[in-house]
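The figures here come from the full heavy-atom set of this structure, side chains too, leaving out hydrogens, waters and symmetry mates. Note that ligands are numbered from 1 as they come in the structure, with each ligand's atoms numbered from 1 the same way.
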Amino acid sequence: MSAQKRKVIITAAISGAEVTQEMNPNVPYTLEQYVREAKGAAQAGASIIHLHARFDDGTPTQDRERFRVLIDGIREACPEVIIQPSTGGATGMSADERLQPLELDPEMASLDAGTLNFGGDEIFVNTENMIIDFAARMQKRGVMPEIEVFDKSMIDMALRLHRKGKIVAPLHFNLVMGVNGGITGTPRDLEFLVHSLPDDATFTVSGVGQSQLSMNVMAMLLGGHVRVGFEDNLMMDRGVLADSNAQFVERIVRIAHELNLEIATPSEAREILRIDEHKKLRSI
Ligand code: KMH
Ligand code: ZN
C-alpha cells in the first residue's frame with residue numbers, strides 16, 4: 001500500500017501594491033487582467049489568491065467596492081479558489097482604509113503582525129493595538145487570518161496575542177523572507193522562523209525577489225506551503241521577466257512532484273488550514 005503524499009498549498013500573490021507594469025507589463029491593474037492572472041494561477045494549481053486591489057491606472061486601493069468587483073470577477077472565473085484579500089494594503093494607508101475588504105466576508109485575510117521599515121522612508125505601520133483590532137474584526141466576521149510575519153519578533157508578538165486570546169487558533173503564518181527591512185531570505189533564517197512556530201501551526205513561505213524560489217523549495221522540505229507571484233517577485237530568472245503568475249505556479253508544481261509531494265486543491269487547502277473553525281466563530 002502506498003503512503004499518502006503530503007499536500008502543498010500554493011498561494012498566488014498576483015498583484016501586490018508595490019510592483020508596477022513598468023517593472024513587468026504583466027502585473028494586473030484592470031479587472032480583465034486580474035481575472036487572467038487569477039484564472040491562470042488557479043488552473044496551474046494555486047488554491048489561494050492573495051489579493052491587493054488596484055484601480056485601472058494601477059493605483060493601489062483598499063476600496064471595498066473595487067475589491068467587490070475584483071472578487072466577483074475572480075470567483076466567476078474560478079469558483080473554487082480561496083480569495084484572501086490583503087488588510088496590509090500599501091504603506092501610508094490608514095487602518096480604516098485597510099480594513100474595508102473584511103466587509104465583504106472573505107474566507108481569509110492577511111493579518112500583519114508588526115511594524116516594519118519598508119525601504120527608504122517608508123514604514124509599514126502595524127501597532128500592537130492595530131493587530132488586536134484587526135484580529136478582533138476578523139474573528140467577529142469568521143475570517144481566518146493569515147498571520148504575516150516579516151521577522152522573528154512578529155512571530156513572538158502573534159504568539160503573545162494568541163496566549164492572551166486576541167488571535168485565535170488554528171494559527172496559520174506566512175513567513176515573508178527578504179523584504180528590505182525584514183529578515184533575510186536565507187536557509188538559516190527560514191529554519192529559525194519555522195522552529196519558532198508552534199507544532200500545530202501551519203505555515204506558508206514567501207521570498208522576495210531572487211529568494212522566492214529557494215525559500216519556496218525550502219518551505220516544501222520543511223513541511224510548509226508556498227507563496228509565489230508578482231507581489232514578491234517579477235523575474236523567472238536573472239534578466240528574464242515572468243510572463244504570468246501561472247508560470248511561477250507551474251514551476252512549483254513541477255518541483256513539488258519531484259519532491260514526491262502533491263498539490264492541494266482549494267477544498268483540501270480549506271481542510272488543511274481548518275478554515276471552517278474560524279468561520280464558526282462568526283458572531284455578527
Ligand atoms: N504591501 C505591504 C505594505 C499584506 O498583504 O498584508 C503590505 C503587504 C502585506 O503586502
Ligand atoms: Zn500582500
> Given the rule that I, L, V, M, F, W and Y join up when any side-chain heavy atoms are under 4.5 Å apart, are Leu221 and Ile272 in one cluster?
Replying inline: no
> Can Ser244 and Asn26 be counted as having a side-chain donor-acceptor contact under 3.5 angstrom?
Replying inline: no
> Of all the non-hydrogen atoms in the protein, which one sits nearest to atom 9 (C) of ligand 1, and at what distance?
Replying inline: Asp112 OD1, 3.3 Å
> For atom 8 (C) of ligand 1, what's the nearest protein heavy atom and its distance?
Replying inline: His52 CE1, 3.9 Å
> Is a donor on one side and an acceptor on the other found under 3.5 Å between the side chain of His278 and the backbone of Pro170?
Replying inline: yes
> Do you know which N/O/S atom name in Glu231 is closest to the Zn ion (ligand 2)?
Replying inline: OE2
>> Membership question, hydrophobic clusters at under 4.5 Å side-chain separation (ILVMFWY): are Val8 and Phe248 in the same one?
In response: yes
>> I'd like to know whether Arg282 forms a salt bridge (Lys or Arg N to Asp or Glu O under 4.0 Å) with Asp105, so could you lay out the CA-CA distance, the side-chain angles of the two residues, the decisive distance to 0.1 Å, and finally the verdict.
In response: CA-CA 10 Å; Arg282 185 180 170 91; Asp105 295 323; 3.0 Å; yes
> What protein heavy atom sits nearest atom 7 (C) of ligand 1, and how far away is it?
Replying inline: Phe124 CZ, 3.4 Å
> Honestly curious: do Val69 and Ile49 fall in one hydrophobic cluster under the side-chain, below-4.5 Å linking rule?
Replying inline: yes
>> Which residue and atom name correspond to the protein heavy atom nearest atom 3 (C) of ligand 1, and how close is it?
In response: Glu18 OE2, 3.5 Å
>> Under 2.8 Å from the Zn ion (ligand 2), can any N, O or S atom of Glu148 be found?
In response: no
> Considering only the protein, which heavy-atom contact is closest to atom 10 (O) of ligand 1, and what is its distance?
Replying inline: Glu231 OE2, 2.9 Å
> Quick one: which ligand 1 atoms are inside 4.0 Å of a heavy atom on His50?
Replying inline: 5 (O)
> For ligand 1, which atoms have a heavy atom of Ser110 less than 4.0 angstrom away?
Replying inline: 4 (C), 5 (O), 6 (O)
>> Using only atom types and a distance under 3.5 Å, with no angle test, would you say the side chain of Glu271 pairs donor to acceptor with the backbone of Glu268?
In response: no
> With only distance considered, is Ser86 within less than 3.5 Å of ligand 1 through an N or O on each side?
Replying inline: yes
> Any sub-3.5 Å donor-acceptor pair from Arg54's side-chain atoms to Ser15's backbone N or O?
Replying inline: yes
> Closest non-hydrogen protein atom to atom 1 (N) of ligand 1, residue and atom name please, with distance?
Replying inline: Gly89 O, 2.8 Å
